Amino acid sequence: MALVEPTAREAGQDFIRDIVRADLASGRHKSVVTRFPPEPNGYLHIGHAKAICLSFGIAEEFGGHCNLRYDDTNPTREAQEYIDAIERDVHWLGFDWGSHLYHASDYFEQLYAWAEDLIRAGKAYVDDQSQDEMRATRGTLTEAGTESPYRGRGVEDNLDLFRRMRAGAFANGARVLRAKIDMGSGNINLRDPVLYRILHTAHPRTGTAWCIYPSYDFAHGQSDAIEGITHSLCTLEFEDHRPLYDWLLDNLPVPSRPHQYEFARLNLTHTVLSKRVLTELVRSGHVAGWDDPRMPTLAGLRRRGVPPAAIRDFVKRVGVAKANSVVDMAMFEFSIREHLNKKAARRMAVLRPLKVVIDNYPQGQSEEVEALNHPDDHAAGTRRLRFSRELYIERDDFKENPPKKFFRLSPGAEVRLRYAYFITCREVKKNEAGEIVELRCTYDPATKGGNAPDGRKVKATLHWVSAADSRTAEVRLYNPLFARPDPNPADFAAELNPNSLEVIDDARVEPTLAGRNSGEAVQFERQGYFCLDADSTPERLVFNRTVGLRDSWAKIAGI
RNA sequence: UGGGGCGUAGCCAAGUGGUAAGGCAGCGGAUUUUGAUUCCGCCAUGCGGAGGUUCGAAUCCUCCCGCCCCAGCCA
């Protein structure tokens with residue numbers, strides 16, 4: 001197996017990679033350069049992961065490179081906190097831009113010079129109309145707009161006004177610089193789009209050097225050209241901007257000629273990936289922060305224990321196309337489980353403890369049993385667990401009146417305690433309220449290790465923990481933030497799942513679970529994959545459930 | 001009623017005139033000291049619809065239907 005090699009491919013098959021491949025083959029480009037261009041006004045989420053994996057992935061596969069570029073053209077919405085988070089998250093996802101870290105704001109001076117070029121060429125003008133007037137004269141989806149009364153302004157006039165805009169002579173909103181294209185275009189982006197607006201706002205990087213800022217449209221394509229981007233990949237909603245992107249590149253003396261390609265953004269069931277909504281969830285306190293493990297942000301997924309490789313794998317499985325789609329969350333969970341199953345050490349933890357006393361096990365005695373750290377990877381070794389007269393098992397693993405096909409413990413039934421002994425339930429103890437508080441069982445000393453010398457079989461193996469040697473832990477179980485598969489983002493507050501977080505504060509876990517690193521994956525056998533949360537302390541262990549195990553019993557039982 | 005896109009299984013998604021890949025989910029079964037994992041099998045006479053071209057159409061043509069995006073001095 002070691003010699004088998006997946007040499008070929010790795011470069012996936014999709015229409016964008018087809019284009020890249022063809023461009024390289026035809027010599028249109030000698031190498032591929034892509035870019036990931038976030039605006040630092042929020043945290044990256046799983047949707048961005050698709051864009052990141054695409055642009056960085058293509059660069060990697062075809063031997064080029066991918067730039068990280070901040071589209072920081074609107075200082076009123078951007079902050080350093082987001083810049084730091086973006087870099088941390090892209091690195092965590094597994095990508096590296098090396099020295100290729102750029103900002104649209106690096107190009108403000110060049111962009112400004114190009115704007116003057118456009119003015120000199122008679123292709124841009126300063127418009128004194130108010131925002132309302134511009135809106136009124138832009139026309140509608142079905143009707144052409146009307147030209148601004150300032151559209152015919154002379155070059156010198158425009159140049160003077162634009163320079164004074166830069167110099168700070170005018171208030172916010174007083175004037176804008178517009179491209180002179182076509183007010184009758186069916187494409188509204190071509191109806192004399194705004195190139196520069198006045199914003200007397202300090203910028204995180206350029207400070208107060210500027211009080212006019214380029215629009216996205218005036219910055220993006222030119223930034224691509226400056227950086228030598230060959231394939232500029234973005235989502236579908238920018239398709240209408242491509243003619244403007246091309247118009248600017250065609251009318252400016254840019255150093256290279258990039259091309260924009262659009263793909264469908266990622267959507268997931270039970271999830272909302274709108275920056276506005278995510279920001280609002282944090283702001284309103286519906287979640288604990290951007291890294292709340294229920295959030296679809298990369299920071300949230302990281303804290304939840306999702307391996308970055310699982311995200312990459314998921315994105316690869318989803319593919320890249322132009323059809324709007326909503327991917328089933330089950331597909332993401334599959335990728336997560338697949339990775340965790342291979343890596344995570346196995347441990348025993350009882351989430352909802354039910355006391356078990358082994359009546360025929362000597363008082364005061366205990367012994368060690370050996371447990372595998374990973375059933376499919378013997379190199380992971382073993383650990384020793386203490387077995388004693390008083391134990392805890394999972395409440396769900398006992399039913400006084402077992403339904404059909406319930407294989408676990410019930411009065412008179414015999415089951416195996418993993419790595420330990422067969423036990424049989426002899427008596428059920430209840431409190432005044434009629435609640436089961438304790439089980440009295442007997443064990444078969446001949447079954448040590450979990451096998452009966454007489455060959456008798458048992459239909460279930462339960463995880464357990466020693467009452468005296470286990471530790472109490474807090475376990476946080478996460479469910480989808482949105483109960484419905486297709487929540488309406490416009491009314492997200494009403495769509496929130498009231499049971500998205502379930503906290504268990506008296507789980508019992510085997511002592512080997514202390515002292516792990518935060519984020520390191522572990523499987524609680526028969527339960528799911530967990531990791532230590534950042535809130536955890538040596539005194540108080542706190543675990544996050546990353547994802548549960550597949551549970552075919554739940555299906556049978558109709559839970 | 002303008003412009004730009006998109007419709008292949010429950011969900012993603014290959015396919016580019018030669019007779020519908022793959023994955024997820026689901027359903028059977030085998031193995032199992034995790035009802036996990038692993039393994040095996042099943043799951044589109046059908047590609048939004050109707051016509052047409054062709055020996056042959058998911059692929060080409062025509063018409064129709066449906067869905068998404070665009071009227072920020074956001075990105």
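Numbers restart at 1 for each chain; the letters A, B, ... are given by sequence-line order, proteins then strands. Only a predicted model underlies this, so the values are computations on that prediction, with no experimental measurement involved.
Ring-to-base geometry places A:Trp553 in a stacked arrangement with B:G35 (centre distance under 5.5 Å, plane angle under 30°).
Taking only side-chain nitrogens and oxygens, A:Arg191 never comes nearer than 4.0 Å to OP1 or OP2 of B:C70. An OP1 or OP2 oxygen of B:A75 is reached within less than 4.0 angstrom by a side-chain nitrogen or oxygen of A:Thr73. Phosphate proximity of B:U1 to A:Thr140: absent, as no side-chain N or O sits under 4.0 Å from OP1 or OP2. Taking 4.0 angstrom as the limit, A:Arg178 places none of its side-chain polar atoms (N or O) nearer than this to OP1 or OP2 of B:G72. Phosphate contact (OP1/OP2 of B:U34, side-chain N/O of A:Arg347, threshold under 4.0 Å): absent. At B:C74, one or more side-chain N or O atoms of A:Asn74 fall inside 4.0 Å of OP1 or OP2 (strictly under the cut-off). Taking 4.0 angstrom as the limit, A:Lys316 places none of its side-chain polar atoms (N or O) nearer than this to OP1 or OP2 of B:G23. Side-chain nitrogen and oxygen atoms of A:Arg337 include none within less than 4.0 Å of the OP1 or OP2 phosphate oxygen of B:U37.
Here A:Glu262 lies out of heavy-atom contact (under 4.0 Å) with every strand. Base engagement by A:Lys405 is indicated by at least one non-hydrogen atom pair under 4.0 Å involving a base atom. Residue A:Arg416 is classed as a base contact, given a heavy-atom separation below 4.0 Å to a base. Residue A:Phe238 is in base contact, counting any heavy-atom pair closer than 4.0 Å across all strands shown. Base engagement by A:Ser130 is indicated by at least one non-hydrogen atom pair under 4.0 Å involving a base atom. Across all strands shown, A:Asn172 has no heavy atoms under 4.0 Å from either base or sugar-phosphate atoms. Within 4.0 Å of A:Glu525, counting heavy atoms only, lies at least one base atom of the nucleic acid. Residue A:His241 is classed as a base contact, given a heavy-atom separation below 4.0 Å to a base. Within 4.0 Å (heavy atoms only), A:Phe334 reaches sugar-phosphate atoms of the nucleic acid but no base atom. If you check every strand for non-hydrogen atoms under 4.0 Å, A:Pro243 touches nothing. Contacts of A:Gln129 with the nucleic acid, taken as non-hydrogen atoms under 4.0 Å apart, include base atoms. Looking at heavy-atom distances under 4.0 Å, A:Asp240 makes contact with a base. The residue A:Ile556 sits close to a base: some heavy atom pair falls under 4.0 Å.
Between A:Lys50 and A:Leu199, the one whose closest nucleotide on RNA chain B sits nearer the 5' end is A:Lys50. Taking the nucleotide of RNA chain B with the nearest heavy atom to each of A:Ala420 and A:Lys322, the more 5' of the two is matched to A:Lys322.
Atom pair A:Leu244:CG and B:C74:P shows a separation of 15 Å (rounding to whole Å applied).
No more than 12 heavy atoms of other residues, nucleotides or ligands shown are found within 6.0 angstrom of CZ on A:Arg265.
Look at B:G10: its glycosidic torsion is beyond 90° from 0, and that puts it in the anti range.
A distance-only check finds a donor-acceptor pair linking the side chain of A:Glu133 to the backbone of A:Ser130 [under 3.5 Å].
A donor-acceptor contact under 3.5 Å is not formed by the side chain of A:Arg242 with the base of B:G4. For A:Arg346 and B:U34, a side-chain-to-base donor-acceptor distance below 3.5 Å is present, hydrogens and geometry of angles not being considered. Judged by distance alone, with hydrogens and angles left aside, A:Glu143 brings no side-chain donor or acceptor close enough to the base of B:U1 to form a pair under 3.5 Å. Counting atom types as modelled, A:His463 pairs no side-chain N or O with a base atom of B:A36 as donor and acceptor under 3.5 Å.
On the P atoms, B:C61 is 16 Å away from B:U54, given to the nearest whole Å. When the C1' atom is compared between B:A57 and B:G66, the two are found 22 Å apart, to the nearest whole Å.
In this structure, A:Phe36 CZ and A:Ser55 OG are separated by 8.0 Å, a value rounded to the nearest 0.5 Å. Rounding to the nearest 0.5 angstrom, the gap separating the CD atom in A:Glu39 from the CD1 atom in A:Ile86 is 9.0 Å.
Nearest to the side chain of A:Asn187, among B:U34, B:U37, B:G3, sits B:G3. Here B:A75 is the nucleotide among B:A75, B:A71, B:U34 with the atom lying nearest to any side-chain atom of A:Glu39. Closest contact between the side chain of A:Met331 and the listed nucleotides B:G26, B:G23, B:A75 involves B:G23. Out of B:G26, B:A71, B:G35, the shortest distance to the side chain of A:Arg526 is found at B:G35.
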request  = Verify ring pair (Phe, Tyr, Trp, His ring centres under 6.0 Å) between A:Trp464 and A:Phe387, making sure each step is shown before the conclusion.
outcome  = CA-CA 9 Å; A:Trp464 55 276; A:Phe387 182 84; 5.4 Å; yes
